[in-house]
There are 2 protein chains.
Amino acid sequence: MTTTTDLRLDRDTTNCSIARTLEVVGEKWTLLVLREIWYGVSRFSDLHKMLGCPRNLLAERLRKLVEHGILATETYQEDGSRSRSRYVVTAKGNDLVPAVLGLLQWGDKYRADPAGPAVVNRHRGCGAALSVQVRCERDHHVPAAEVEIGPGPGFRTKADPEKVA
Amino acid sequence: MTTTTDLRLDRDTTNCSIARTLEVVGEKWTLLVLREIWYGVSRFSDLHKMLGCPRNLLAERLRKLVEHGILATETYQEDGSRSRSRYVVTAKGNDLVPAVLGLLQWGDKYRADPAGPAVVNRHRGCGAALSVQVRCERDHHVPAAEVEIGPGPGFRTKADPEKVA
DNA sequence: GACCTGAGTACAAAAAGTAAACCTAGCGGT
DNA sequence: ACCGCTAGGTTTACTTTTTGTACTCAGGTC
């Protein structure tokens with residue numbers, strides 16, 4: 001990853017999509033809660049059992065994820081129990097899959113268990129293993145060294161934070 | 001994302017590549033430090049200026065990233081100054097690009113500034129815009145709904161954490 | 001009416017994050 | 001030889017989060 005324009009030092013850093021995403025999912029446990037729900041765990045007590053995190057944090061993280069529309073609650077009722085609610089991932093939540101699989105892929109490569117990864121992801125139907133890739137619109141595979149960062153429409157400088165590029 | 005085998009409730013969660021990755025880069029500021037360095041900022045004081053984070057945290061995060069081989073230090077010398085060190089991303093660090101661009105892409109989609117994103121990423125040379133995608137080995141584009149999770153070689157159950165699948 | 005279970009809330013202690021002051025080389029000027 | 005400047009950190013005192021555990025609450029079973 002390199003840069004041609006000098007975004008370096010007078011860039012206004014308040015408009016950053018990475019930071020904005022981390023505001024929502026960057027706290028401890030949040031992405032692991034999502035992991036469990038993707039893996040099929042949906043009830044509060046099961047999530048707590050799997051994660052081993054404090055119950056109040058689990059409640060808070062779930063509340064925030066629901067607030068942001070990443071999770072939704074569904075009510076369900078088992079025979080001989082009262083109705084309860086469970087958590088499911090929305091389409092907005094599913095759009096986090098590439099980012100999270102990116103983290104998973106890095107962990108598989110650099111911090112793997114001696115026995116190998118605990119889970120593998122495949123393309124349902126086709127059965128082939130998955131990878132997360134950076135591609136350009138012309139469908140070239142883009143390695144990190146060929147990523148070029150340039151100012152976008154919302155680019156601002158520190159000197160003049162009103163004016164957009 | 002769905003699951004066929006029941007990974008749900010008796011899965012041993014201690015072998016997880018997502019969690020392992022977050023142990024290294026999941027603390028506050030860490031991914032933003034990497035962002036700045038990818039954007040071309042490399043000196044301690046410049047990083048501090050751009051991020052506005054506490055200096056001790058910046059020092060600690062840099063130390064941890066270097067320890068894990070995600071960053072490396074280089075010494076350089078400007079005219080009339082003593083030699084100093086700056087931080088550069090290693091190949092191991094660059095392998096985090098897909099994950100971080102995944103976060104950026106989500107932020108661009110759901111939490112964009114009214115004016116648009118501050119930066120855009122392009123394929124150097126070709127000039128086309130980038131996207132992060134999940135693909136299978138047969139090169140199908142895989143939407144979240146078609147991701148199938150199954151036990152991998154390091155899969156263990158809670159009941160019997162010794163035995164791998 | 002006593003007891004169980006799922007889904008939380010409440011709270012004290014520990015850890016992490018924050019802000020600002022302080023330290024420490026080397027340089028260049030005098 | 002001393003002075004002050006600068007880059008790159010440490011230290012310290014304070015605030016906020018996270019942790020672990022205990023408690024509540026509502027509906028259903030016995």
Side-chain angles (χ1 to χ4, degrees), chain A residues 8-10 13-14 18-19 22-37 40-68 71-88, chain B residues 8-10 13-14 19 22-37 40-68 71-89:
Chain A
R8 285 160 227 248
L9 298 173
D10 54 358
T13 50
T14 57
I18 301 170
L22 290 173
E23 277 168 25
V24 183
V25 299
E27 290 164 306
K28 204 166 178 182
W29 298 109
T30 301
L31 290 176
L32 301 179
V33 169
L34 272 169
R35 173 195 75 188
E36 286 307 317
I37 298 179
V41 180
S42 65
R43 304 175 190 186
F44 187 92
S45 55
D46 290 337
L47 289 167
H48 179 247
K49 216 176 308 172
M50 297 308 284
L51 292 166
C53 74
R55 302 170 72 79
N56 57 346
L57 274 200
L58 177 55
E60 200 178 293
R61 297 299 183 260
L62 287 168
R63 190 164 32 242
K64 186 167 178 180
L65 288 168
V66 170
E67 249 170 42
H68 282 277
L71 296 182
T73 49
E74 273 181 4
T75 50
Y76 70 98
Q77 184 149 22
E78 276 183 355
D79 285 4
S81 294
R82 76 176 196 277
S83 77
R84 303 181 185 287
S85 59
R86 72 180 155 207
Y87 298 89
V88 294
Chain B
R8 287 162 225 244
L9 297 172
D10 55 357
T13 50
T14 57
L22 291 173
E23 277 168 26
V24 182
V25 299
E27 291 164 304
K28 204 166 179 180
W29 299 109
T30 302
L31 290 177
L32 301 179
V33 170
L34 273 169
R35 173 196 74 188
E36 287 307 316
I37 298 179
V41 179
S42 65
R43 302 173 191 188
F44 187 92
S45 53
D46 290 338
L47 290 166
H48 179 245
K49 217 176 310 173
M50 298 307 285
L51 292 166
C53 75
R55 301 168 73 80
N56 57 344
L57 276 199
L58 177 56
E60 200 179 292
R61 297 299 183 260
L62 288 168
R63 189 163 35 242
K64 187 167 176 181
L65 287 168
V66 170
E67 249 170 42
H68 282 278
L71 296 181
T73 50
E74 270 181 5
T75 50
Y76 70 99
Q77 183 148 24
E78 276 182 357
D79 285 5
S81 294
R82 75 176 197 277
S83 77
R84 303 180 183 288
S85 60
R86 71 179 156 209
Y87 297 90
V88 295
V89 185

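Predicted model only: the values in this text are computed from it and were never measured.
In this view, A:L57 and A:W29, A:P54, A:R61 satisfy the side chain to side chain contact (heavy atoms under 4.5 Å, CB included) rule, not counting sequence neighbours. Partners of B:R55 by salt bridge (charged side-chain N to carboxylate O under 4.0 Å, His left out), not counting sequence neighbours: none found. The salt bridge (charged side-chain N to carboxylate O under 4.0 Å, His left out) test applied to A:K28 returns no partner, not counting sequence neighbours. B:T14 meets the side-chain hydrogen bond (donor to acceptor under 3.5 Å, both in side chains) test with B:D12; sequence neighbours excluded. Not a single side-chain hydrogen bond (donor to acceptor under 3.5 Å, both in side chains) links B:E60 to another residue, sequence neighbours left out. Listed by chain and residue number, A:F44 satisfy the side chain to side chain contact (heavy atoms under 4.5 Å, CB included) test with A:A59 (two or more places apart in sequence, or in another chain). The side-chain hydrogen bond (donor to acceptor under 3.5 Å, both in side chains) search around A:E78 returns A:R43, not counting sequence neighbours. By the salt bridge (charged side-chain N to carboxylate O under 4.0 Å, His left out) test, A:R35 is found to be paired with no residue, residues two or more places apart in sequence or in another chain being considered.
The stretch residues 24-35 of chain B comes close to DNA chain C through B:K28, B:W29, each having a heavy atom under 4.0 Å from the strand. Less than 4.0 Å separates DNA chain D from at least one heavy atom of each of the following residues of residues 72-83 of chain B: B:Y76, B:R82. A heavy atom lying under 4.0 Å from DNA chain D marks the following residues of residues 54-65 of chain B, by number: B:R55, B:N56, B:A59, B:R63.
Taking atom CZ on B:R84 and atom C1' on C:dG26, their separation rounds to 8 Å, with Å as the unit. In this structure, the CG atom of A:D46 is 8 Å from the P atom of C:dG6, given to the nearest Å. Rounded to whole Å, atom P of C:dG6 lies 7 Å from atom NZ of A:K49. Rounding to whole angstrom units, CG of residue A:L47 and P of C:dG8 are separated by 10 Å.
Taking 4.5 Å as the limit, every side-chain heavy atom of A:V41 sits out of range of all side-chain heavy atoms of A:K49. Residues A:I18 and B:L32 have side chains in contact (heavy-atom distance under 4.5 Å, counting atoms from C-beta outward). Between A:D46 and B:R8, the closest side-chain pair of non-hydrogen atoms is not below 4.5 Å. Here the side chains of A:I37 and A:V88 are not in contact, with every heavy-atom distance at 4.5 Å or above. At a threshold of 4.5 Å between non-hydrogen side-chain atoms, the residues B:V89 and B:L71 count as touching.
Along DNA chain D, read 5' to 3', the first and last nucleotides having any atom under 4.0 Å from a heavy atom of chain A are D:dT18 to D:dT29.
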